[in-house]
Asks: 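Below are the structure tokens for one structure; questions will follow.
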Amino acid sequence: MFNSISGVITGKFDKSLHLLNSGIEWDILVPDSSLNMLGPVGSEAKVFTWLQHTEQLMNLYGFASKDERDLFFDLLKVDGVGPKGALKIMSNVSSSRLSEILERGDLEMLEKIPGVGKKTAGKLLLALKGKVRISEEKTIVRTESSEFQDVIISLSSMGFDKSLVQSKIAELSQRFEKEGAFAGKSKKEKEDLLFKKAIVELS
């Protein structure tokens, strides 16, 4: 029904985007992998969409590219991975990185992705190994995470996958700003808060 929507970004949140088009502001569920590729609030964007419509609900999902949307569709083919599950997976690992992990058949790395787990990792490999191809992405790293490179480096040195760490720090920093958890805190205090929370969510 909807292939894409073009408009002005009016809000970027945790796994969602507000897009203003011809006087209508769309509330779109978007994985963090796509949010990182889209411009800042106030910029124009084209979002590729998929409408989930059931008797109980109606959700509009959006993606920064056709490749991102195709990957989402591939994930939906996996038994036990619904739209919300696919959104969570794509929010914790970049599409190109996930494609690489699947191509290598790296079960251990798949299990480390939040929202996957051992059982789902096995299903992902069985269904998608050798079948997912993602072209090189042009990724825009959120400005909120760029000031926390020391935290990213520290977590990466502990063995966490760097792409997962970058995505998680970007997500947490935006969440803490929105919720006011960063209010009145020094940079060091913000880093400590991010570090502790990220370890819990990445483990």
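All values below were derived from every heavy atom in this structure, side-chain atoms included, with hydrogens, water molecules and symmetry-related copies excluded. These numbers come from a predicted model, not from an experiment.
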Asks: Surrounding CD of Gln52 (heavy atoms of other residues, nucleotides or ligands, distance under 6.0 Å), is the total greater than 12?
Replies: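 Above 12, so yes.
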
Asks: When you compare the side chain of Tyr61 with that of Leu87, does any pair of heavy atoms fall below 4.5 Å?
Replies: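 The answer is yes; the side chains approach within 4.5 Å.
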
Asks: Listed by chain and number, what are the salt bridge (Lys or Arg N to Asp or Glu O under 4.0 Å) partners of Lys178, not counting sequence neighbours?
Replies: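 For Lys178 there are no salt bridge (Lys or Arg N to Asp or Glu O under 4.0 Å) partners, ignoring immediate neighbours.
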
Asks: Between Ser173 and Ala170 (side chain of the first, backbone of the second, donor and acceptor by atom type, cut-off under 3.5 Å), is there such a pair?
Replies: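 At least one qualifying donor-acceptor pair exists.
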
Asks: Please assess Asn59 against Leu57 for the test side chain to side chain contact (heavy atoms under 4.5 Å, CB included), listing each intermediate value before the final yes or no.
Replies: CA-CA 7 Å; Asn59 286 321; Leu57 55 82; 3.6 Å; yes

Asks: Answer yes or no: is there a donor N or O on one side and an acceptor on the other, between the side chain of Ser4 and the main chain of Phe48, under 3.5 Å?
Replies: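 Not at all, since once roles are kept as given, no pair shorter than 3.5 Å links the two residues.
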
Asks: Who passes side-chain contact (heavy atoms from CB on, under 4.5 Å) against Val41, sequence neighbours left out?
Replies: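 In terms of side-chain contact (heavy atoms from CB on, under 4.5 Å), with neighbours along the sequence ignored, Val41 is linked to Ile9, Lys12.
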
Asks: Output all residues satisfying ring-ring contact (aromatic ring centres under 6.0 Å, His included) with Phe182, sequence neighbours left out; order by chain, then residue number.
Replies: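 For Phe182 the ring-ring contact (aromatic ring centres under 6.0 Å, His included) partners, ignoring immediate neighbours, are Phe148, Phe176.
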
Asks: Would Thr10 and Leu19 satisfy side chain to side chain contact (heavy atoms under 4.5 Å, CB included), going step by step from the backbone distance to the final call?
Replies: CA-CA 6 Å; Thr10 54; Leu19 191 72; 5.9 Å; no

Asks: Please find the pair of heavy atoms, one from Trp26 and one from Leu60, that lie closest to each other, and give the distance.
Replies: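 Answer, listing the atom of Trp26 first, then Leu60: CE3-CD2, 3.6 Å.
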
Asks: In terms of hydrophobic clustering (I, L, V, M, F, W, Y; side-chain heavy atoms under 4.5 Å; direct or indirect links), are Leu193 and Leu172 co-clustered?
Replies: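 Cluster IDs for Leu193 and Leu172 match.
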
Asks: Measure the spacing between CG of Leu75 and CG of Leu98 and express it to the nearest 0.5 Å.
Replies: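 If we round to the nearest 0.5 Å, Leu75:CG and Leu98:CG are 6.0 Å apart.
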
Asks: State, yes or no, whether a side-chain contact exists between Leu202 and Val165 at a heavy-atom distance under 4.5 Å.
Replies: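 In short, these two side chains touch, coming nearer than 4.5 Å.
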
Asks: What I want to find out is whether Lys188 reaches Asp192 closely enough, with some N-O distance under 4.0 Å, to be called a salt bridge.
Replies: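 Yes, charged N to carboxylate O under 4.0 Å.
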
Asks: State, with a plain yes or no, whether a side-chain heavy atom of Leu155 is found less than 4.5 Å away from one of Ile169.
Replies: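 Touching, per the 4.5 Å side-chain cut-off.
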
Asks: Apply the test side chain to side chain contact (heavy atoms under 4.5 Å, CB included) to residues Met58 and Leu51: give CA-CA distance (whole Å), side-chain angles for both, the deciding distance (0.1 Å), then the verdict.
Replies: CA-CA 7 Å; Met58 184 182 296; Leu51 178 65; 3.6 Å; yes

Asks: Kindly indicate whether the side chain of Asp27, heavy atoms from C-beta on, has any atom under 4.5 Å from the side chain of Ser16.
Replies: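 Touching, per the 4.5 Å side-chain cut-off.
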
Asks: Assess the side chains of Ser91 and Glu171: does a donor N or O sit below 3.5 Å from an acceptor N or O?
Replies: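 Distance-only check fails for Ser91 and Glu171.
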
Asks: Is there a path of hydrophobic side-chain contacts, each under 4.5 Å between heavy atoms, that joins Ile152 and Phe160?
Replies: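 Hydrophobic grouping puts Ile152 with Phe160.
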
Asks: Evaluate whether atom NZ of Lys123 has more than 12 neighbouring non-hydrogen atoms of other residues, nucleotides or ligands under 6.0 angstrom away.
Replies: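 Yes, NZ of Lys123 has more than 12 neighbouring heavy atoms, counting only those of other groups under 6.0 Å.
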
Asks: Judged by atom type as modelled, is there a donor-acceptor pair below 3.5 Å linking the side chain of Glu189 to the main-chain atoms of Ser186?
Replies: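 The answer is yes, because a donor-acceptor pair under 3.5 Å joins these two groups.
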
Asks: Taking C-beta and beyond as the side chain, do Ile5 and Lys46 meet within less than 4.5 Å on heavy atoms?
Replies: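 Not in contact.
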
Asks: Between Arg69 (side chain) and Thr49 (backbone), is there a donor-acceptor pair under 3.5 Å?
Replies: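 Such a contact is found between Arg69 side chain and Thr49 backbone.
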
Asks: Test of understanding: with ring-ring contact (aromatic ring centres under 6.0 Å, His included), list the residues that count as partners of Phe63, not counting sequence neighbours.
Replies: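 With sequence neighbours excluded, Phe63 shows a ring-ring contact (aromatic ring centres under 6.0 Å, His included) to Phe72, given in chain and number order.
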
Asks: Taking all atoms of both residues into account, what is the closest heavy-atom pair of Leu110 and Leu102, and its distance?
Replies: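 Answer, listing the atom of Leu110 first, then Leu102: CD1-CD2, 3.9 Å.
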
Asks: Looking at residues at least two apart in the chain, or sitting in another chain, which of them share a side chain to side chain donor-acceptor pair (under 3.5 Å) with Ser34?
Replies: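 For Ser34, the residues satisfying side chain to side chain donor-acceptor pair (under 3.5 Å) (neighbours in sequence not counted) are Glu68.
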
Asks: Do Met90 and Asp32 come within less than 4.5 Å of each other through their side chains, counting heavy atoms only?
Replies: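 Not in contact.
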
Asks: Output all residues satisfying side-chain contact (heavy atoms from CB on, under 4.5 Å) with Glu108, sequence neighbours left out; order by chain, then residue number.
Replies: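 Scan of Glu108 (side-chain contact (heavy atoms from CB on, under 4.5 Å), adjacent residues dropped) gives Asp106, Lys112.
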
